[in-house]
Amino acid sequence: METNGGIQASLSGRYAVALFDLARDANALDTVAQSLAGLKAAIAQSPDFKGLINSPVLSRDASGKTIAAVASAMGIDPLTTKFLGVLAQNRRLGQLGAVIRTYETLLSNHKGEARAEVTSAHPLDAQQIAALAQNLRARVGRTVAVDAKVDPAILGGLVVKIGSQMIDSSIRTRLNSLAMAMKG
């Protein structure tokens, strides 16, 4: 598989490419993706888990044992569990969020999908995400995987990033534009 040189240039990118290659060879791309999605949710929802992966005081051994216990409790697949152990031993658990994002990008590219990062003021339900993905597919001409995030600071509307394109229909941006126009 050809990978983007920019992806491989970063530390998290090298780890993500290695995990992707291992998962592809093991025919476990989607299984690993599901495990990483669970870890991504845990990072977003659990301050304790986020603290664990970013803790500089845990030894390599303690970090490895703790992450193995967490992976077991979460039902993480064996390949991803082993990968987490490697990150812990190399003191790179802090890179996990970036590794997950890069893996998602690699998987989308492999499947021929575009990846859209969508930020909304309130959580979107599955039906809204499906409708958005369908509209984006019509716009970009290929299947779009939607990565939804919530940021109440945008007040309303959506901010959609697909590659280098950004569609910003947030109320915050509209208000800022209006304020600039009024200043003259």
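These figures come from a predicted structure and were not determined experimentally.
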If you look at every heavy atom in [X] and [Y], which pair is closest and at what distance?
| X | Y | result |
| --- | --- | --- |
| Glu113 | Ala145 | OE1-CB, 3.5 Å |
| Gln95 | Ser12 | OE1-CB, 3.3 Å |
| Val146 | Ala133 | CG2-CB, 3.8 Å |
| Ala116 | Leu136 | CB-CD1, 3.9 Å |
| Asn54 | Gly94 | OD1-CA, 3.5 Å |
| Thr102 | Gly13 | CG2-CA, 4.0 Å |

Quick one: [atom1] on [X] to [atom2] on [Y], what's the gap to the nearest 0.5 Å?
| X | Y | atom1 | atom2 | value |
| --- | --- | --- | --- | --- |
| Leu19 | Leu106 | CG | CG | 9.5 Å |
| Ile53 | Arg92 | CD1 | CZ | 14.0 Å |
| Leu93 | Ser63 | CG | OG | 4.5 Å |
| Ile129 | Ser120 | CD1 | OG | 8.0 Å |
| Leu96 | Phe49 | CG | CZ | 6.0 Å |
| Tyr15 | Asn90 | OH | CG | 3.5 Å |

Is [Y] reachable from [X] through a run of I, L, V, M, F, W or Y residues, each pair having side-chain heavy atoms under 4.5 Å apart?
| X | Y | answer |
| --- | --- | --- |
| Ile67 | Met74 | yes |
| Ile154 | Val160 | no |
| Ile76 | Leu52 | yes |
| Val150 | Ile100 | no |
| Ile167 | Ile171 | no |

In terms of heavy-atom contacts, does [atom1] of [X] have more than 12 from other residues, nucleotides or ligands at under 6.0 Å?
| X | atom1 | answer |
| --- | --- | --- |
| Asn27 | CG | no |
| Gln89 | CD | yes |
| Met182 | CE | no |

- Task: Quick one: do Arg24 and His110 satisfy side chain to side chain contact (heavy atoms under 4.5 Å, CB included)? Show the steps, please.
- Result: CA-CA 10 Å; Arg24 187 186 58 214; His110 178 74; 4.3 Å; yes

- Exactly one of Asp168, Leu132, Thr119 clears side chain to side chain contact (heavy atoms under 4.5 Å, CB included) with Leu158, and that residue is Leu132

- Task: For a side chain to side chain contact (heavy atoms under 4.5 Å, CB included) with Tyr103, tell me which candidate from Leu29, Thr80, Val17 qualifies.
- Result: Leu29

- Would you say Arg91's side chain and Pro56's backbone share a donor-acceptor pair under 3.5 angstrom? yes

- Task: Starting from the C-alpha separation in whole Å, work towards a yes-or-no answer on salt bridge (charged side-chain N to carboxylate O under 4.0 Å, His left out) for Lys82 and Asp77.
- Result: CA-CA 9 Å; Lys82 194 174 202 178; Asp77 71 278; over 6 Å; no

- Message: Can a side-chain donor-acceptor contact be found between Ser108 and Thr105 if the only test is distance below 3.5 angstrom?
- Response: no

- Query: How far apart are the C-alpha atoms of Asp30 and Leu107, what are their side-chain angles, what is the distance that settles it, and do they pass the side chain to side chain contact (heavy atoms under 4.5 Å, CB included) test?
  - Reply: CA-CA 8 Å; Asp30 291 329; Leu107 184 60; 4.1 Å; yes

- Among pairs that include at least one residue of residues 139-151, which meet side chain to side chain donor-acceptor pair (under 3.5 Å), considering only residues two or more places apart or in two chains? Lys40-Asp147, Glu117-Lys149

- Going through the checks in order, is the side chain to side chain contact (heavy atoms under 4.5 Å, CB included) test met by Val118 and Leu124? CA-CA 10 Å; Val118 178; Leu124 300 174; 4.2 Å; yes

- Using a 4.5 Å cut-off on heavy atoms from C-beta on, say whether the side chain of Arg115 contacts that of Val144. no

- For Val99 and Phe83, run side chain to side chain contact (heavy atoms under 4.5 Å, CB included): C-alpha distance rounded to whole Å, both residues' side-chain angles, the deciding distance at 0.1 Å, then the answer. CA-CA 11 Å; Val99 168; Phe83 178 76; 3.8 Å; yes

